Chemist: 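Just passing along the structure, written as structure tokens.
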Amino acid sequence: GFDYASPEAYPVLSAKLKELEDSQETGGRCVFYLSTPPSLILPITEGLGRAGLSQESAKGRQWAHLVVEKPFGHDQASATALTESLSQYWQESQIYRIDHYLGKETVQNILVLRFANLVFESVWNRQFIDHVQITVGEAEGVGSRANYYEQAGALKDMFQNHMLQMLALVAMEPPAAFTADRYRDEKLKVLRAIRPFNSESIAECAVRGQYTAGEIDDQAVRGYREETDIKADSEVETTAALKVMIDNWRWEGVPFYLRSGKRWKRRVSEIAIVFRRVPHSMFGPMTPEQLAANTLVLKIQPAEGMGLTLEAKRPGAKNCMSALSMDFDYRDVCKEASPDAYERLLLDCMASDQTLFVQKEEVDLAWSILTPVIEAWQDPKGPSPLQFYPAGECGPKAVDDLLEKDGRSWRRL
Ligand code: BG6
């Protein structure tokens, strides 16, 4: 076993690695992958650094990469402090901050869909898109991660990373090349354009909820407060929803609605691009409002694929029409199973490719976007107070109201 707390352990590890390098001819390449509680990141990376293990081109070492799991800090200040402390021994080019959503095939497909096709990009803007919905729902509860989750909640656990990353991929400008610098810079630009939250907009545009006892798949499940190691009066949110505005030329006035939560009725993640309605209906007496808006759905999981809803004529003499969906399912086309997100990301790390990893500026920006909400939510009765929902529903009613007050509605899951 390796005792990370013991200073003697690191030189031993170093000697072991040297042995491996000599006998297995690993070419002096080394990946240190930390999937540890956040409090251990620094002690371990400093231990490695002190033992010289972060040095590249030293003692026959070609490179040393450090993979760091989320959460990267627990707020903006702690993330900045962590970045600074890491820089004592590690260069930014050695640090691979993992967001496993970026390794998912369906998430990578967002870029291919947008930038390898002409049809979508030409309508991918405020003139044609009414709004965007990003949903990550889970049937699972907090499971065995009570200690972590009590400190986190949905906002820190899902929004600071996965949700904002997906939003960035949908909203970013086309990068000139799919290389780490170009691609990550475009993500940064769009994150910078997100309208900051203030106490007024938090009351209007943010929702938090916590599950109580309920039923999923006909099985009774406990409420969050009854889960093992959860405080009986915990105010932690297990569902959150946000309406995010992006103040730039492409997206002015187009809301991005984000929702994610635990103990919903089923596991489903998708991104829906909801287009505007036709400006005029020539099919009187039908009004434009009665014609369903085209919607492009990117199905992230578990049924990976995409679908485009279109209005089509129903056969017959009358002008009857209804929405039909052109669906594409990965499983029908790609017979071999998609690689796991982690497989892809760890392979990239070994190939020294940082494209699908998160750079420090993105982490910082993501925290800064959410900090006002995180702070406001320290007070359970503060803006957008905590609301309860029975397990098996997709969050409290306020999640639906968030869209309904804008005259819109979530896609049914
Ligand atoms: C993790 C969160 O980052 O993502 C978990 O910490 C969440 O709370 C998980 O369950 C969801 O990942 P996936 O790949 O199952 O959608």
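Source: prediction; values computed, not measured. We count ligands from 1, going down the list as the structure has it; atoms in each ligand are counted the same way.
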Chemist: Have a look at K299 and tell me which of T106, D329, D327 forms a side chain to side chain donor-acceptor pair (under 3.5 Å) with it.
Modeler: D327
Chemist: Quick one: does D401's side chain have a donor or acceptor within less than 3.5 Å of a partner on E404's backbone?
Modeler: no
Chemist: Can you list the residues that meet the side-chain contact (heavy atoms from CB on, under 4.5 Å) rule with Q359, with sequence neighbours excluded?
Modeler: E92, R184, D185, L188, E361, E362
Chemist: Q301 heavy atoms, cut-off 4.0 Å: which ligand 1 atoms fall inside?
Modeler: 13 (P), 16 (O)
Chemist: How close does the nearest protein non-hydrogen atom get to atom 14 (O) of ligand 1, and which residue and atom is it?
Modeler: K104 NZ, 2.6 Å
Chemist: Examine the proximity of ligand 1 to Y149 and report which part, side chain or backbone, both or neither, has a heavy atom under 4.0 Å away.
Modeler: neither
Chemist: Is the shortest side-chain N to carboxylate O distance from E252 to R195 below 4.0 Å?
Modeler: yes
Chemist: Counting heavy atoms only, which of H100, R267, K70 comes nearest to atom 4 (O) of ligand 1?
Modeler: H100
Chemist: Does E21 come within less than 4.0 Å of K18, counting only side-chain N to carboxylate O?
Modeler: no
Chemist: Any idea which protein heavy atom is nearest atom 6 (O) of ligand 1, and the distance to it?
Modeler: D157 OD1, 2.5 Å
Chemist: What donor-acceptor contacts under 3.5 angstrom involve side-chain atoms of residues 73-82, with partners at least two apart or in another chain?
Modeler:
residue	atom	partner	partner atom	Å
D75	OD1	A77	N	3.4
D75	OD1	S78	N	2.8
D75	OD1	S78	OG	2.7
Q76	NE2	D364	OD1	3.3
S78	OG	H74	N	2.8
S78	OG	D75	N	3.0
S78	OG	D75	O	3.1
T80	OG1	Q76	O	2.8

Chemist: Just distances here: any N/O of E138 and N/O of ligand 1 closer than 3.5 Å?
Modeler: yes
Chemist: Taking 4.0 angstrom as the limit and counting only heavy atoms of K262, give me the atoms of ligand 1 inside it, by number and element.
Modeler: 5 (C), 7 (C), 8 (O), 10 (O)
Chemist: Does E140 reach ligand 1, in the sense of a heavy atom lying below 4.0 Å from it?
Modeler: no
Chemist: Apply the test salt bridge (Lys or Arg N to Asp or Glu O under 4.0 Å) to residues K265 and D217: give CA-CA distance (whole Å), side-chain angles for both, the deciding distance (0.1 Å), then the verdict.
Modeler: CA-CA 8 Å; K265 71 176 164 201; D217 282 341; over 6 Å; no
Chemist: For atom 16 (O) of ligand 1, what's the nearest protein heavy atom and its distance?
Modeler: Y101 OH, 2.5 Å
